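Some notes on the structure that comes next.
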There are 2 protein chains.
Amino acid sequence: MGKQATEMLKGILEGIVLAILSGRPAYGYEITAWLRDQGFSDIAEGTVYALLVRVERRGLVDVEKVPSEKGPPRKVYSLNSQGRAYLEEFWRTWSFLTERLEQLREGGE
Amino acid sequence: MGKQATEMLKGILEGIVLAILSGRPAYGYEITAWLRDQGFSDIAEGTVYALLVRVERRGLVDVEKVPSEKGPPRKVYSLNSQGRAYLEEFWRTWSFLTERLEQLREGGE
DNA sequence: ACCAGTACATAGCAACACCGAATACCGATG
DNA sequence: CATCGGTATTCGGTGTTGCTATGTACTGGT
């Protein structure tokens with residue numbers, strides 16, 4: 001992805017991670033790997049962890065520490081009801097943006 | 001729009017403004033008014049001006065000072081070739097994001 | 001003993017949108 | 001003529017975010 005992506009990801013990456021968690025609980029390392037797999041090639045490791053700390057502090061997710069056979073214990077995050085409400089709000093804003101941009105793209109060129 | 005919008009706009013607002021300028025030259029006050037009209041209700045006045053200064057400094061736009069009958073002179077911005085290339089890159093990143101998020105939205109709920 | 005893979009944390013940095021205030025120019029109203 | 005509202009731009013300070021770089025810790029294989 002281009003260099004612009006860094007700024008464009010702000011706020012959106014959070015929505016992406018919450019959307020992932022809305023499907024199933026997951027832990028940081030797993031999420032990072034999934035993102036890279038989906039083409040978010042240069043998402044930094046630390047970025048996801050910092051994001052998870054933030055959403056936890058805001059009470060959008062519940063956390064459970066689960067031992068792993070292959071390394072240190074995992075912190076498994078799951079979306080709670082407050083997080084679900086927040087995610088819906090995210091989708092509303094996202095829809096608004098896609099509509100405006102779609103219009104601009106059609107009219108623009 | 002919700003409070004999340006502030007963060008989600010980062011990087012995207014720039015694309016929006018450049019997309020506007022790709023259609024026709026415009027000046028700050030005009031762009032701000034247009035944005036409010038389109039539902040970006042709480043875009044701060046200063047935000048657009050600061051953005052325009054940035055894109056000018058990066059050489060994405062050309063500027064012309066035009067006298068106004070109703071106030072101080074306007075700074076009319078128009079997208080140059082470098083800005084056009086940058087805008088295309090923006091659309092590519094945007095497309096990538098919309099695809100990923102569309103998938104997530106379908107799968108998620 | 002060493003190294004790679006798994007898993008998490010964090011301090012410092014740059015960029016961006018927001019807030020608030022200031023400046024400047026004009027026409028109309030009192 | 002003084003003032004107010006609409007037009008138009010600028011700027012310093014703030015908070016949030018993602019990136020970089022580094023450090024820690026646990027496991028299994030060589």
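Numbered from 1 within each chain, the chains take letters A, B, ... in sequence-line order. Just the heavy atoms: all of them, side chains too, but no hydrogens, waters or symmetry mates, feed the values below. Small disclaimer: the values here were computed from a predicted structure and weren't measured.
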With heavy atoms of chain B within less than 4.0 Å as the criterion, where does contact along DNA chain D begin and end?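 Result: dG6(D) to dT17(D).
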Does [X] have any side-chain hydrogen bond (donor to acceptor under 3.5 Å, both in side chains) partners at least two apart in sequence or in another chain, and if so, which?
X: S95(B); value: R105(A)
X: K75(A); value: none
X: R74(B); value: Y27(B)

For F90(A), give me all partners under ring-ring contact (aromatic ring centres under 6.0 Å, His included), at least two apart in sequence or on another chain.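 Partners of F90(A) by the ring-ring contact (aromatic ring centres under 6.0 Å, His included) criterion come out as none, since no residue qualifies.
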Without placing hydrogens or testing angles, list every side-chain donor-acceptor pair under 3.5 Å for residues 47-61 of chain B, not counting sequence neighbours.
from, atom 1, to, atom 2, distance (Å)
Y49(B), OH, Y29(B), N, 3.3
R58(B), NH1, E14(B), OE1, 3.4
R58(B), NH1, E14(B), OE2, 3.2

Within the 4.0 Å limit for protein heavy atoms, which parts of nucleotides 8-17 of chain C are touched? Write it as a string from 5' to 3', B for base, S for sugar-phosphate only, - for none. BBB----BBS
According to salt bridge (charged side-chain N to carboxylate O under 4.0 Å, His left out), who are the partners of [X], at least two apart in sequence or on a separate chain?
X: E64(B); value: none
X: E102(A); value: none
X: E89(A); value: R92(A)

In this structure, how many angstroms lie between the C1' atom of dC19(C) and the NZ atom of K3(B), rounded?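 Distance check: K3(B) NZ to dC19(C) C1' gives 19 Å.
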Which angle, to the nearest 10 degrees, lies between the helix axes at the two ends of the helix from dA1(C)-dT30(D) to dG30(C)-dC1(D), each defined by five pairs?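 Taking five pairs per end, the axes differ by 20°.
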Y77(A) and I31(A), any side-chain heavy atoms less than 4.5 Å apart: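 Answer no - side chains too far apart.
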OP1, OP2 of dA7(C) versus side-chain N and O of S68(A): anything below 4.0 Å?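 Yes, S68(A) has a side-chain N/O under 4.0 Å of OP1/OP2 on dA7(C).
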Nearest-nucleotide wise, let me know which of K70(A) and V48(A) is further upstream toward the 5' end of DNA chain D.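 Per heavy-atom nearest nucleotide, the more 5' residue is V48(A).
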For residues 21-35 of chain B, pull every pair meeting salt bridge (Lys or Arg N to Asp or Glu O under 4.0 Å), keeping only residues two or more places apart or in separate chains.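 Passing the test, one end in residues 21-35 of chain B: no pairs.
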